[in-house]
Every structure is written in C-alpha cells, then in structure tokens.
Amino acid sequence: LEAGMVNIVEAMEAASVERLVAVGADGILQATPARLRLETQEFPDTMRALANAHYRAFEAVRSSSLAWTLVCPPLMPDGQVTNHYRTATDYLPDGGQSISVGDIATFVYRELVSNDHVGERVGIAY
C-alpha cells in the first residue's frame, strides 16, 4: 500500500497532475487530538496491520505537493446511494459504523469537483 501510494504520488507529480482524492482506512483518523484510532485499545487487533499500512500511505500523500483528500470510512457494505451521510474532518463522525460503497463513491466524486476538503482526512459514515 505504501509503495503503491509513493508510486502514484511520484507519477502524479511528474505528470503535473495536482488533485488526488483517495479512500483510506478509518484507523488513520484521530481518536483524540494526540492519538489515532488505530492506537486505541478499542481498535480491532485484526485490522491494526492494515491500518498501519494505510497510515504509511497517508504519510506519503501528506508529504507530497498534491492537493489531496483522503476519505476514511468504517465498514463499507454494498448499498445504494442515500446522500444522507455525515462527515467530519480528521475524525469519524460520532457513532459512525458504516456507509455504503455507493455513498462513498458519491462523496469522492463531489470532493473531486468541489475541493472542499483539500489537505484533509475526512471521516464519513451514517
């Protein structure tokens, strides 16, 4: 994941492509101002290695020259677009447990054209 993101960032910078909107894990969001969700006792041990890989990919994006946004959902079941989701900068919305793939795709597209969250991790959930 980290190597892939480094390659994407390098290729985008070399081609002068400035905008990146990608999906990351909710573990890279803040639990508190000083602690990531993946660093809490409540975070599932089975997901910790993957969340750490997502964090290293986030570091590659954050240190780039790109105008980036990382959309960070919790569970992503298949589902229809509802357009009734909540977002929070750097945090998962309170009580958020899931969001459909359709609503994530909708948010990614809207962010790509609106640029409302450049340079931010965005928690998204119902």
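Every value quoted in this text rests on a predicted model; they were computed, and no experiment measured them.
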Checklist outcome for this item: Of all heavy-atom pairs linking R62 and Y55, the shortest is NH2-OH, 3.3 Å
Item to check | Where A125 and P93 come nearest, the two heavy atoms and their spacing | outcome: N-CG, 4.1 Å
Next on the checklist: Would E2 and E59 count as a side chain to side chain contact (heavy atoms under 4.5 Å, CB included) here? Give the steps.
Outcome noted: CA-CA 9 Å; E2 178 186 8; E59 288 179 321; 5.9 Å; no
Checklist entry - Between T40 and A31, what is the shortest heavy-atom contact and its length? => result CG2-CB, 3.5 Å
Next on the checklist: Quick check: closest heavy atoms across L29 and Y91, and the distance to 0.1 Å?
Outcome noted: CD1-C, 3.8 Å
Checklist entry - Got a sec, which pairs hit side-chain hydrogen bond (donor to acceptor under 3.5 Å, both in side chains) with one end in residues 12-21, sequence neighbours left out? => result E13-S65, R19-T69, R19-E111, R19-N115
Next on the checklist: Does either side chain, that of Y126 or that of S100, offer a donor lying less than 3.5 Å from an acceptor on the other one?
Outcome noted: yes
Next on the checklist: Are L1 and I8 connected into the same hydrophobic cluster when the rule is that any two of I, L, V, M, F, W, Y join if their side-chain heavy atoms are below 4.5 Å apart?
Outcome noted: no
Checklist entry - Is there side-chain contact between I124 and R86, with at least one heavy-atom pair below 4.5 Å? => result no
Checklist entry - With the 4.5 Å side-chain cut-off for hydrophobic clustering, are M76 and V21 part of the same group? => result yes
Next on the checklist: Please evaluate residues L36 and Q30 with respect to the criterion side chain to side chain contact (heavy atoms under 4.5 Å, CB included), reporting the C-alpha separation (whole Å), side-chain torsions for both, the decisive distance (0.1 Å), and the verdict.
Outcome noted: CA-CA 4 Å; L36 298 172; Q30 300 301 128; 3.2 Å; yes
Item to check | Rounded distance [0.5 Å steps], OG in S98 versus OH in Y85 | outcome: 14.5 Å
Checklist entry - Would a distance-only check, ignoring hydrogens and angles, find a side-chain to backbone donor-acceptor pair under 3.5 Å from R37 to F43? => result no
Checklist entry - So with a 6.0 Å cut-off around CE of M12, is the heavy-atom count from everything else above 12? => result yes
Checklist entry - Given the rule that I, L, V, M, F, W and Y join up when any side-chain heavy atoms are under 4.5 Å apart, are V17 and L112 in one cluster? => result no
Checklist entry - Is there a chain of hydrophobic side chains (I, L, V, M, F, W, Y, each step under 4.5 Å between heavy atoms) that links I104 to V122? => result yes
Item to check | H117 versus F107, closest heavy-atom pair with distance | outcome: CD2-CZ, 3.9 Å
Checklist entry - Which pair of non-hydrogen atoms, one from G27 and one from A51, has the smallest distance, and what is that distance? => result CA-CB, 4.4 Å
Item to check | Working for side chain to side chain contact (heavy atoms under 4.5 Å, CB included), residues V61 and L66 | outcome: CA-CA 7 Å; V61 170; L66 303 177; 5.6 Å; no
Next on the checklist: Using the side chain to side chain contact (heavy atoms under 4.5 Å, CB included) definition, which of the options L38, I28, L70 pairs with H54?
Outcome noted: I28
Next on the checklist: Just so I know, are the side chains of M5 and L20 near enough to count as touching, which here means a heavy-atom distance under 4.5 Å?
Outcome noted: yes
Next on the checklist: Would N83 and R110 count as a side chain to side chain contact (heavy atoms under 4.5 Å, CB included) here? Give the steps.
Outcome noted: CA-CA 11 Å; N83 290 312; R110 286 180 180 161; 2.9 Å; yes
Checklist entry - Do V118 and V9 share a hydrophobic cluster, counting only Ile, Leu, Val, Met, Phe, Trp and Tyr and linking them when any side-chain heavy atoms are less than 4.5 Å apart? => result no
